[in-house]
Structures are given as structure tokens and as C-alpha cells.
Amino acid sequence: MGEGKFLEILDPSTIAFLLLAGFIAAFIDSTVGGGGLISTPALLALGLPVNFALGTNKLAASMGGLMSVFSFWRAGKINQKVAISLMPLSFLGSALGAYVVYLLPEQLMKNVIVVLLVAVAVYTYRRKDWGDVSAVKQLGLAALLGSVVMAFGIGFYDGFFGPGTGSFLIFGFLFLGYDFVTAAGNAKALNFASGIGALLSFTLSGSVLWTYGLLMGFAMVIGAYFGSRMAIRHGASYVKPLYLIVTTLLIGKQVYELLFK
């Protein structure tokens with residue numbers, strides 16, 4: 001199915017819908033991830049097949065993700081050395097994950113993801129002191145190895161399945177001792193790299209509607225700009241509650257799909 005069919009219905013209401021959904025999704029995604037909870041269903045609601053919705057969303061999300069990375073980077077809320085070292089691993093992991101998507105049963109991934117998301121949410125909520133200040137000085141060998149596994153493994157997961165990627169990355173950086181805002185900034189850098197890897201795979205398979213993606217991506221750039229500024233300005237008091245809300249919504253989505261689909 002080509003892009004021509006969808007261009008015929010690109011009327012003002014469709015354009016407005018893409019812009020609004022993109023802005024809201026990116027505003028949330030720029031801080032804690034989870035924007036796909038809004039943008040992907042929005043594209044599906046327009047009648048796009050699943051593979052086109054996923055591929056088009058990756059294009060738009062990559063545009064918003066680039067703005068998020070730029071904002072956090074400029075504010076000094078990304079550990080540049082760590083991000084630059086780990087981003088290639090996220091890219092490779094995601095590209096590989098998208099390539100071998102057919103090797104593992106999707107139902108297995110859905111079961112595992114619910115358990116992991118619940119564990120992340122409960123552990124983060126119970127640790128009241130997490131994310132207020134950074135406890136990172138210099139990563140030891142074990143932490144460095146853990147970072148490498150995290151970057152490649154979660155990148156692979158993002159390309160293969162996707163939901164909760166931002167939550168897992170933030171959790172990983174919190175576990176290493178970063179404050180919430182820097183953890184979010186580092187996570188966005190890795191998430192952007194893994195998104196590009198997945199986008200490459202979707203592009204090669206012809207599953208991207210460029211007109212839809214660029215329109216939504218334009219709105220995502222604006223949403224990501226304002227969302228990142230809010231996170232940087234208000235710090236952990238803003239990021240942590242939003243993180244827990246988005247993680248809870250992700251849990252609800254996965255449980256619903258397990259029970260009713």
C-alpha cells in the first residue's frame with residue numbers, strides 16, 4: 001500500500017489532528033518517553049496499517065527526539081561522554097531488534113513487559129530519595145559493563161517491541177546514580193539513537209508515510225521544545241510524577257491488550 005491513497009484524504013481536519021496529536025505526544029515524550037501511547041493510536045485512527053503507523057511514528061518521533069536531545073544537551077543535562085559512547089550501541093541494538101522481530105513471539109514480550117514495568121514503577125515510587133541529586137562520580141567497571149548491556153539491550157527491545165523504552169532507560173540511569181533530569185536527558189539521547197536505527201529498518205521495508213510523518217514531526221519538534229524546557233526548569237518535582245504516571249499508563253495498556261485482545 002503506497003502513500004498516494006492517504007494523500008487523497010489529507011484534508012485540513014486530518015492535518016490539524018496530526019499536528020495536535022504530535023504536539024501532545026512529544027510534550028510528554030520529551031521528558032519521560034511514552035509519547036507513542038498517543039501518536040501511534042492517532043495514526044492508526046486515520047486508517048493506517050500497523051506497519052505504516054509504526055514506521056511513520058518513528059519518523060515523527062525521531063524529529064521530536066532530536067529537539068529533546070538538543071534542549072537537554074544545551075542545558076547541560078546530558079552526560080556527554082556517556083551518551084556519545086552508548087548511542088551507537090542503542091542504534092545497533094535497535095536496528096538488529098527491528099530486523100529479527102519475527103524470531104520471538106510477541107505474546108511472550110507482552111507478558112514480560114508487564115512484569116518489568118510494574119517492578120520499575122513500584123521500585124521507583126518506594127525510593128523517595130531517588131532523582132533529587134546526582135550521586136555519580138566515576139563509573140566502575142561493573143557499572144560500565146551494565147551501561148553497555150543496557151544501551152544495546154534496551155535498544156534491541158525498542159526496535160523489536162518498543163513500549164516502555166523511555167521508562168527503562170531512565171530507570172537504568174537512575175540506578176547508576178544520576179538525578180532524574182539528567183537520567184531523562186541521557187535516556188532521550190539513547191532513545192533517539194535507537195529510534196533512528198528502527199526508522200532505518202522501517203524505511204528500507206517501505207513502511208513510512210513521509211507526508212504524515214513530516215507533518216506530525218513538525219508538531220513534535222515544537223512539543224519537544226516546550227516539554228524539555230518544563231522538565232529542565234522544574235526538575236525532579238515535575239519529572240518524577242510524570243514518569244510514574246506514564247509508566248502506569250503503559251502498564252494499563254499492556255494489561256488491557258493481554259486481557260482483551
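The chain is numbered in sequence order, starting from 1. Model, not experiment: these values are computed from the prediction.
With sequence neighbours left out, the side-chain contact (heavy atoms from CB on, under 4.5 Å) criterion links V255 to V114, I251, L259.
Ionic pairing of D179 and K77 is not present here: no N-O contact between side-chain nitrogen and carboxylate oxygen is shorter than 4.0 angstrom.
Taking all atoms of both residues into account, the shortest heavy-atom contact from A42 to F17 is O-CE2, 3.3 Å. Among all heavy-atom pairs drawn from A189 and A83, the shortest one is CB-CB, 4.0 Å. Nearest heavy-atom pair across A75 and I232 is CB-CD1, 3.6 Å. In this structure, S39 and M216 approach most closely via the heavy-atom pair CB-SD, 3.9 Å. Across all their heavy atoms, P41 and G36 have their closest contact at CD-O, 3.2 Å. Minimum heavy-atom separation, L190 to M150: CD2-CE, 4.4 Å.
By the 4.5 Å heavy-atom criterion applied to side chains, Y212 and T14 are counted as neighbours. Contact of the L48 side chain with the T56 side chain is registered, since non-hydrogen atoms from C-beta on lie closer than 4.5 Å. Under the 4.5 Å side-chain criterion, counting only non-hydrogen atoms from C-beta, M230 is not in contact with S30. Between F27 and I222 there is no side-chain heavy-atom pair separated by less than 4.5 Å. At least one side-chain heavy atom of Q80 sits under 4.5 Å from a side-chain heavy atom of W73. Residues R229 and Y225 are in side-chain contact: their nearest non-hydrogen atoms beyond the backbone lie under 4.5 Å apart. Looking only at side-chain heavy atoms (C-beta outward), N186 and L169 stay at 4.5 Å or farther from each other.
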Residues F152, L86; criterion side chain to side chain contact (heavy atoms under 4.5 Å, CB included); working and verdict: CA-CA 8 Å; F152 185 84; L86 297 180; over 6 Å; no
Could you check V181 against H234 for side chain to side chain contact (heavy atoms under 4.5 Å, CB included), going step by step and ending with a plain yes or no? CA-CA 9 Å; V181 177; H234 296 288; over 6 Å; no
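Atom CG in L89 sits 12.0 Å away from atom CD1 in I154 (nearest 0.5 Å). In this structure, CG in L18 is found 6.5 Å from CG in L43, a value given to the nearest 0.5 Å. Taking CG of N57 as the start and OG1 of T40 as the end, the distance is 3.5 Å to the nearest 0.5 Å. Of the inter-residue distances, the one linking L19 atom CG with F218 atom CZ reads 7.5 Å to the nearest 0.5 angstrom. Rounded to the nearest 0.5 angstrom, D158 CG and S90 OG are separated by 8.5 Å. Once rounded to the nearest 0.5 Å, the distance linking OG1 of T182 with CZ of F173 reads 10.5 Å.
Linking ILVMFWY residues whenever their side-chain heavy atoms come closer than 4.5 Å, directly or via other members, leaves V149 and Y157 in distinct clusters. When hydrophobic clusters are built by joining Ile, Leu, Val, Met, Phe, Trp and Tyr residues whose side-chain heavy atoms come closer than 4.5 Å, directly or via intermediates, V148 is grouped together with F192.
Checking side-chain atoms of K188 against main-chain N and O of D29 turns up a donor-acceptor pair under 3.5 Å. Using modelled atom types, one side-chain atom of S194 and one backbone atom of N191 make a donor-acceptor pair closer than 3.5 Å. Under a 3.5 Å cut-off, the side chain of S228 and the backbone N or O of A224 do form a donor-acceptor pair.
Heavy-atom contacts from other residues, nucleotides or ligands closer than 6.0 Å to CZ of F226 number 12 or fewer.
Residue F52 forms a side chain to side chain contact (heavy atoms under 4.5 Å, CB included) with just one option from L209, L46, V208, and that option is L209.
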Donor-acceptor contacts under 3.5 Å from residues 198-205 side chains, at least two apart:
{"from": "T203", "atom 1": "OG1", "to": "L199", "atom 2": "O", "distance (Å)": "2.8"}
{"from": "S205", "atom 1": "OG", "to": "S201", "atom 2": "O", "distance (Å)": "3.4"}
{"from": "S205", "atom 1": "OG", "to": "F202", "atom 2": "O", "distance (Å)": "2.9"}
{"from": "S205", "atom 1": "OG", "to": "S207", "atom 2": "OG", "distance (Å)": "3.1"}

